[in-house]
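Both counts, for ligands and for their atoms, begin at 1 and track the order of listing.
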Amino acid sequence: MRMVGLTGGIASGKSTVSRQLQAQGIPVIDADKVAQAALRKNTWGWRRVVAIFGNGILQENGEVDRAKLGEIVFSDAAKRKQLNRAMEPCIMLGLFYEILKHWILGTSVVVLDVPLLFEAKIDWLTRPIIVVWVDDLTQETRLMARDNSSKEQARNRITSQLPLDVKRARADIVIDNSDSLEQTKVLVNELKKTITAPPSWKELLFSRFGVAAMVIGVITITVTRLQ
Ligand SMILES: CC(C)(COP(=O)(O)OP(=O)(O)OC[C@H]1O[C@@H](n2cnc3c(N)ncnc32)[C@H](O)[C@@H]1O)[C@@H](O)C(=O)NCCC(=O)NCCS
Ligand SMILES: Nc1ncnc2c1ncn2[C@@H]1O[C@H](COP(=O)(O)OP(=O)(O)OP(=O)(O)O)[C@@H](O)[C@H]1O
């Protein structure tokens, strides 16, 4: 199974590209959704986070007040590190589960939309790596407009991640999303052709069928030798 990495900066347009890919029939695993599920009330992640930040981050119904937690961690690097450390195993488990489901189903290409793919050092899992890039001012403007946030809040979030230019330098494929949505759609159409190219030997070997063939091969050789 080919696991394609999709990453970028906050509000650089990962979800926009992800939606366009999904509209073309490509399955996408969204790490933000996995992280949200991992923080729901009474989950393992919720317990770990509440143990660190206390009941003050909870709403009346016991769910985490995401805006409040966001305010805390995006303006304090040490607290953000604590949150990342608490959430990381829960997110990894969730991602692994989603990947496993696709592998069992025999999916040939799945896109992993992971904002912190490089920061969490899991970029080695995916190939090729697509970075959705925008220039700094466009990123800031779109983030402020989308989240209805101040310039300071937007800057805090942007600077809490590896600089987007560094991510661009580490990409296999760059989607420049600074232009219109129509222009991005054109780039995504091209992207689809690249990521759905025929599988390599390595991808075939680690596909559901490749592993099944290896298991059958090993069993056959063992049984033959025992006779
Ligand atoms: C702090 C939280 C509660 C804020 O929630 P909120 O609804 O405001 O934001 P949301 O989850 O939609 O994230 C929006 C974007 O923020 C960025 N972001 C999220 N967490 C982090 C982080 N720890 N460090 C840097 N950027 C982050 C990502 O680009 C993400 O796409 C939430 O982001 C969270 O639980 N973060 C920790 C989990 C995590 O690392 N998620 C990223 C998945 S790889
Ligand atoms: N090419 C574009 N032209 C104009 N607006 C855009 C374009 N691409 C994305 N946007 C807008 O910019 C905002 C951020 O885009 P999007 O939510 O896709 O980013 P993201 O990288 O997924 O963000 P996050 O890191 O928070 O998950 C959204 O409001 C979206 O509608």
Side-chain angles (χ1 to χ4, degrees), residues 5-23 28-41 43 45-46 48-50 52-53 57-59 63-96 98 111-123 125-126 130-135 137-149 153-164 167 175-188:
L6 176 65
T7 192
I10 185 162
S12 71
K14 298 175 297 296
S15 308
T16 302
V17 169
S18 155
R19 270 194 299 275
Q20 291 178 356
L21 284 171
Q22 286 180 78
V28 177
I29 296 173
D30 183 337
D32 276 341
K33 282 200 185 132
V34 169
Q36 278 165 26
L39 201 53
R40 288 218 182 96
K41 189 177 167 183
T43 57
W46 180 90
R48 283 168 69 90
V49 170
V50 173
I52 295 168
F53 293 94
I57 58 154
L58 298 179
Q59 306 175 54
E63 292 288 352
V64 167
D65 184 334
R66 303 178 62 83
K68 198 179 228 177
L69 183 57
E71 271 304 311
I72 296 170
V73 300
F74 289 117
S75 55
D76 185 329
K79 295 216 166 103
R80 190 168 58 250
K81 216 169 168 185
Q82 278 185 300
L83 175 69
N84 289 349
R85 210 174 295 140
M87 293 290 293
E88 200 174 271
C90 316
I91 297 175
M92 288 304 161
L93 208 62
L95 281 179
F96 178 72
E98 293 301 323
V111 172
L112 266 65
D113 175 355
V114 186
L116 306 180
L117 189 79
F118 291 117
E119 291 90 337
K121 297 187 173 61
I122 50 170
D123 47 303
L125 259 179
T126 61
I130 304 155
V131 168
V132 184
W133 182 88
V134 284
D135 62 84
L137 186 61
T138 306
Q139 184 182 19
E140 184 187 292
T141 312
R142 286 185 187 163
L143 179 56
M144 287 167 65
R146 188 196 61 185
D147 291 358
N148 200 14
S149 59
Q153 285 170 322
R155 288 309 326 166
N156 279 345
R157 289 205 175 211
I158 290 170
T159 54
S160 71
Q161 301 184 342
L162 201 62
L164 198 38
K167 293 186 181 181
I175 296 285
D176 184 344
N177 184 37
S178 310
D179 212 318
S180 65
L181 286 170
E182 284 64 36
Q183 176 57 25
T184 301
K185 218 176 226 171
V186 173
L187 299 175
V188 171

ask   = Under 3.5 Å between some N or O of ligand 1 and some N or O of Arg146?
value = no
SB check Lys167 Glu119 (cutoff 4.0 Å) = yes
query = Which atoms of ligand 2 are found less than 4.0 Å from any heavy atom of Gly9?
reply = 21 (O), 25 (O)
note = The atoms of ligand 2 lying under 4.0 Å from a heavy atom of Lys14, numbered in the order shown, are 18 (O), 19 (O), 20 (P), 21 (O), 22 (O), 23 (O), 24 (P), 25 (O)
ask   = How far is atom 15 (C) of ligand 1 from its nearest protein heavy atom, and which residue and atom is that?
value = Ile10 CD1, 3.6 Å
task = Run the numbers for me: atoms of ligand 1, each under 4.0 Å from some heavy atom of Ser160, listed by number.
result = 25 (C), 26 (N)
task = Identify, for atom 5 (N) of ligand 2, the protein heavy atom at the shortest distance, and state residue, atom and that distance.
result = Arg142 NE, 3.5 Å
ask   = Is Thr184 reaching over with its side chain to a backbone N or O of Ser180, donor-acceptor style, under 3.5 angstrom?
value = yes
ask   = What residue and heavy atom of the protein are closest to atom 41 (N) of ligand 1, and at what distance?
value = Ala35 CB, 3.9 Å
Residue pair Ser178 / Val134: nearest heavy atoms and the distance that separates them = OG-CA, 3.5 Å
key: atom 35 (O) of ligand 1: nearest protein contact (heavy atom, Å)   = Leu39 CD2, 3.7 Å
message = Minimum heavy-atom separation for Gln153 and Glu71, please, with both atom names.
response = NE2-OE2, 2.7 Å
task = Would you tell me which option among Asn177, Thr184, Thr16 has the nearest heavy-atom contact to atom 18 (O) of ligand 2?
result = Thr16
task = Indicate the atoms forming the closest heavy-atom contact of Gly9 with Leu164, along with that distance.
result = N-CD1, 3.3 Å
ask   = Considering only protein heavy atoms, which is closest to atom 20 (N) of ligand 1, and at what distance to one decimal place?
value = Phe74 CZ, 3.9 Å
Closest approach of any protein heavy atom to atom 38 (C) of ligand 1, naming residue and atom = Ile91 CD1, 3.7 Å
ask   = In the protein, what heavy atom is nearest to atom 29 (O) of ligand 1, and what distance, to one decimal place, separates them?
value = Gln161 NE2, 2.8 Å
task = Report the nearest protein non-hydrogen atom to atom 40 (O) of ligand 1: residue, atom name, distance rounded to 0.1 Å.
result = Leu116 CD1, 3.6 Å
ask   = Nearest heavy-atom pair of Lys68 and Ile57: which atoms, and what distance?
value = CD-CA, 4.2 Å
task = Could you name the option among Asn156, Leu83, Val114 that has the heavy atom nearest to atom 37 (C) of ligand 1?
result = Leu83
ask   = Between Arg80 and ligand 1, is there a nitrogen or oxygen pair with a distance under 3.5 Å?
value = no
message = Between Ser18 and Gln22, do the side chains contain a donor N or O and an acceptor N or O under 3.5 Å apart?
response = yes
query = Is Ser18 in contact with ligand 2, taking contact as a heavy-atom separation below 4.0 Å?
reply = no
ask   = Do the side chains of Leu117 and Thr126 get nearer than 4.5 Å, heavy atoms only?
value = yes
inquiry  = I'd like to know if the side chain of Arg142 and the backbone of Ala11 have a donor-acceptor N/O pair within less than 3.5 Å.
reply    = no
Sidechain-backbone polar pair: Gln161 side chain, Ile10 backbone, donor-acceptor under 3.5 Å = yes
remark   = Near Asn84 (heavy-atom distance under 4.0 Å), the atoms of ligand 1 are 22 (C), 23 (N)
query = Is Arg157 in contact with ligand 1, taking contact as a heavy-atom separation below 4.0 Å?
reply = yes
query = To which of Glu88, Gln36, Lys14, Lys68 does the heavy atom nearest atom 12 (O) of ligand 1 belong?
reply = Gln36
key: Atom indices of ligand 2, in the order listed, that fall short of 4.0 Å to a heavy atom of Gly13   = 15 (O), 16 (P), 18 (O), 19 (O), 20 (P), 21 (O)
key: Nearest candidate to atom 26 (O) of ligand 2, where distance is taken over non-hydrogen atoms, out of Gln20, Arg146, Gln161, Gln183   = Arg146
query = Do side-chain atoms of Thr7 reach the backbone of Pro115 as a donor and acceptor pair under 3.5 angstrom?
reply = yes
request  = Using non-hydrogen atoms of the residue, decide whether Asp179 is closer than 4.0 angstrom to ligand 2.
outcome  = yes
Of Asp76, Ile72, Ile52, Val73, the residue whose pairing with Leu83 passes side chain to side chain contact (heavy atoms under 4.5 Å, CB included) = Val73
task = Would you mind running through ligand 2 and noting each atom that sits below 4.0 Å from a heavy atom of Asp32?
result = 27 (O)
Those atoms of ligand 1 less than 4.0 Å from some heavy atom in Asp32 = 30 (C), 31 (O), 42 (C), 43 (C)
Nearest neighbour of atom 22 (O) of ligand 2 from the list Ser15, Pro115, Ser180, on a heavy-atom basis = Ser15
Shortest protein heavy-atom distance from atom 2 (C) of ligand 1, along with the residue and atom involved = Arg66 NH2, 4.3 Å
